Amino acid sequence: MPYRRLSRFVTAATTVSAVTASTVTAALAALGVLALTAPVAASAPVSPVSPATPVSPASLAAPATPASSASPAAPADLSVGSSSLAAPLPRLSRSSDHLTITVSDSGKAATNGTYELYCHPARGTHTDARGACDKLDSLSRWGKDLFAGVPKGSKCTMQYGGPATAHITGTWAGRPVNAQFSRADGCEISRWNRFVPVLPSVAS
């Protein structure tokens with residue numbers, strides 16, 4: 001009986017030894033594979049990943065800038081007598097500009113009477129046809145009535161410039177003209193003086 005027990009013990013020990021040896025062998029084999037593969041993995045250089053360029057929130061919100069284009073020109077100042085730049089009327093194809101000017105009580109017999117004025121080219125019975133046409137051209141503006149009277153409600157000085165009166169009729173820049181002039185107050189005097197030499201210079 002003691003020999004049989006000893007034999008079982010030896011058999012069990014041998015089995016344990018075999019299992020342990022196989023386990024150790026498997027572990028060593030695994031370590032060997034790792035040892036062989038580790039240098040290969042380590043030897044392969046890894047390219048650094050460039051960090052993404054940060055995007056500004058403002059650049060996402062801002063709309064794309066359109067291609068530059070020529071802006072339309074701002075409308076010209078069309079006020080009569082304005083000191084700012086404005087587009088004068090063209091002188092081409094305006095041979096129909098013809099005015100009849102009648103002046104009364106100017107204080108000078110030479111300037112009283114009725115005169116015919118033609119422009120483009122300047123001619124007629126007016127004493128200064130060239131100067132009168134140039135003055136009218138300098139005062140003319142698109143969209144404005146050159147011969148309009150003093151606006152209602154204007155504040156004018158109580159200044160009397162004399163009894164002189166004038167009446168202008170005809171056609172200017174394709175528009176009919178029928179305008180009255182006097183020197184009854186400061187506004188009317190300024191309006192008259194603005195038209196010299198179309199109208200004669202009169203002393204107040």
Side-chain angles (χ1 to χ4, degrees), residues 65-204:
T65 304
S68 59
S69 58
S71 299
D77 180 11
L78 302 180
S79 58
V80 175
S82 172
S83 59
S84 60
L85 295 177
L89 295 178
R91 300 188 182 187
L92 300 177
S93 303
R94 290 181 54 192
S95 59
S96 62
D97 290 341
H98 170 219
L99 300 174
T100 300
I101 305 167
T102 301
V103 180
S104 304
D105 301 322
S106 66
K108 297 179 181 179
T111 56
N112 289 335
T114 299
Y115 306 93
E116 300 297 330
L117 176 64
Y118 295 85
C119 296
H120 315 111
R123 63 196 188 279
T125 60
H126 193 284
T127 57
D128 185 6
R130 172 66 65 182
C133 290
D134 289 344
K135 171 59 72 171
L136 292 171
D137 283 333
S138 68
L139 295 177
S140 298
R141 296 293 182 271
W142 281 112
K144 293 295 182 180
D145 183 2
L146 169 63
F147 298 93
V150 176
K152 293 182 179 181
S154 299
K155 295 181 179 180
C156 307
T157 59
M158 299 179 64
Q159 179 183 0
Y160 181 64
T165 60
H167 186 205
I168 301 179
T169 59
T171 302
W172 183 259
R175 295 181 177 183
V177 177
N178 187 0
Q180 297 284 350
F181 292 82
S182 72
R183 299 176 64 84
D185 56 34
C187 295
E188 293 291 354
I189 292 173
S190 296
R191 179 171 174 252
W192 180 296
N193 292 341
R194 191 168 66 248
F195 277 85
V196 175
V198 180
L199 300 178
S201 178
V202 177
S204 298

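This structure is a prediction, so every number in the text was calculated from the model and none was measured.
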Reported [atom1]-to-[atom2] distance for the pair [X] and [Y], which is rounded to 0.5 angstrom:
| X | Y | atom1 | atom2 | result |
| --- | --- | --- | --- | --- |
| L117 | D97 | CG | CG | 9.0 Å |
| C156 | R191 | SG | CZ | 11.5 Å |
| I101 | H126 | CD1 | NE2 | 4.0 Å |
| K135 | C119 | NZ | SG | 13.5 Å |
| T169 | H98 | OG1 | NE2 | 7.5 Å |

side-chain hydrogen bond (donor to acceptor under 3.5 Å, both in side chains) between S96 and T171, worked out: CA-CA 7 Å; S96 62; T171 302; over 6 Å; no
Identify the heavy atoms of [X] and [Y] that sit nearest to each other, and give their distance.
| X | Y | result |
| --- | --- | --- |
| Y118 | C133 | O-SG, 3.4 Å |
| V198 | A132 | CG2-O, 3.5 Å |
| H167 | N178 | NE2-OD1, 2.7 Å |

Evaluate the side-chain proximity of [Y] to [X]: yes if any heavy-atom separation is below 4.5 Å, no if none is.
| X | Y | value |
| --- | --- | --- |
| N193 | R183 | yes |
| L99 | V177 | yes |
| F195 | L136 | yes |

Please answer whether the main-chain N or O of D128 pairs with a side-chain N or O of R130 as donor and acceptor at a distance below 3.5 Å. no
Donor-acceptor contact below 3.5 Å, side chain R141 vs main chain S138: yes
Residues forming a side chain to side chain contact (heavy atoms under 4.5 Å, CB included) with A166, sequence neighbours excluded: V103, F181, W192, L199
Run the numbers on I168 and T100 for side-chain contact (heavy atoms from CB on, under 4.5 Å), then give the verdict. CA-CA 6 Å; I168 301 179; T100 300; over 6 Å; no
Qualifying residues under side chain to side chain donor-acceptor pair (under 3.5 Å), relative to T125, sequence neighbours excluded: none
CA sep, side-chain torsions, deciding dist, call: S182, T165, side-chain hydrogen bond (donor to acceptor under 3.5 Å, both in side chains): CA-CA 4 Å; S182 72; T165 60; over 6 Å; no
Is there any salt bridge (Lys or Arg N to Asp or Glu O under 4.0 Å) pair reaching into residues 104-122, and which pairs are they, with sequence neighbours excluded? none
Residue pair S106, N112: steps toward the side-chain hydrogen bond (donor to acceptor under 3.5 Å, both in side chains) verdict: CA-CA 6 Å; S106 66; N112 289 335; 2.6 Å; yes
Please evaluate residues Y160 and I189 with respect to the criterion side-chain contact (heavy atoms from CB on, under 4.5 Å), reporting the C-alpha separation (whole Å), side-chain torsions for both, the decisive distance (0.1 Å), and the verdict. CA-CA 8 Å; Y160 181 64; I189 292 173; over 6 Å; no
